[in-house]
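Single-structure report; data block below.
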Amino acid sequence: MKMKLFLTAFIFIGLVVVLYKGYIVERPAAVSEAEAESLAVSTYDGEVQSIEWNKDRQAYEIVLENDKGTYALSVDGQSKKVSNVKLLEKSQTTLTLEEAREQIRGDSNGIVTSISDITGDGEPRAEAIVDKNGTNYRFVFNLETGETVSSDEIKVADAMTVPQEAKPFVVSELTAKEAAAREVDGNVTRIETVETNSGDHYKVTVENDDGGAHVYVQAATAKVSSISRFNHVKKEAPVEPESKPVNAPSAPAAAPKAEPDPEPAPVSKPSAPVQDDEDDQDDGDDAQDDDDD
């Protein structure tokens, strides 16, 4: 009797094990391997290195790699739940300045006017100047983690009080040219650095057909301080003197201009002969003599 009960219990336990293994452990997952892989990539933005089905846990074991490192995680075959995320290896790559510029631009919703590497003995960092609606901010960005460490508004008073030798030129010549070109249409023909009461500036000369302007751009903030416009003045070309041979004799002095000959006086007609007074007197005497006779 006891033997019969023992056999019955053994058969029952074996049946339970078979049913568990066949219908629970070995049952196919509701989530396919491709779906689990797509779910992991969309969640952690990386590339799947390996994927395996874990029968005991009824989950996919996935190894995924992204910019930050290599991770291990699980995707449940029934519920699609992602769990057991572990960092296996941290990535040693750092962002480039251009990659950091794009990320800062997206995070700040501003215009990155300049960016430079300020990595020292510690973490790799970059410093960027961002223009947001006319106000300038200084961003410190971690090139390793891709996170903004700090952001502070740059005030005009700060630029005036900080000694010039202690305040570096954070704005490049290219950025200064771009800032000037946004204010004045034309071609940049010259750029130089000048000192003013409000700090160091770039003096950018922009010329066009009508004239141009000298645009003063702050070397610390890329902000345009003033614009001095000018017009082109057309100058007449000077008349070049005629060249003479080196040993050519000098031209003789001009002779004085001859006066025109006077017109000849008109020839007068001969007048009637004038009678001699003596003859007249003789005639008178003769007449007197006749009377005496």
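Throughout, residue positions are numbered sequentially from 1 according to the sequence presented.
Using a distance-only test at 3.5 Å, with no hydrogens or angles considered, no donor-acceptor pair links the side chain of E183 to the main chain of A180. For the pair N187 (side chain) and E207 (backbone), a donor-acceptor distance under 3.5 Å is absent.
In this structure, K132 satisfies the cation-pi test against Y137, with its NZ or CZ atom closer than 6.0 Å to the six-membered ring centre and inside 45 degrees of the ring normal.
Ion pairing between a basic and an acidic side chain is recognised when a charged N comes within 4.0 Å of a carboxylate O; K80 and E35 show no such pairing.
The two atoms that bring D76 and V31 nearest to each other are O-CG2, 3.9 Å, heavy atoms only. The nearest pair of heavy atoms linking R101 to I115 is NH2-CG2, 3.5 Å. The shortest heavy-atom contact between G46 and N66 is CA-CB, 3.8 Å. Annotation for A100 and L143: closest pair CB-CD2, 3.7 Å, computed over non-hydrogen atoms. Residues A176 and V204 approach most closely at O-CG2, 4.1 Å, considering heavy atoms.
A donor atom on one side chain and an acceptor atom on the other are not found under 3.5 Å apart for E147 and N142. Residues T193 and H201 have side chains that never bring a donor and an acceptor to within less than 3.5 angstrom of each other. For T221 and Q218, the side-chain atoms include at least one donor-acceptor pair closer than 3.5 Å.
Heavy-atom neighbours of D185 CG from other residues, nucleotides or ligands within 6.0 Å: at or below the threshold of 12.
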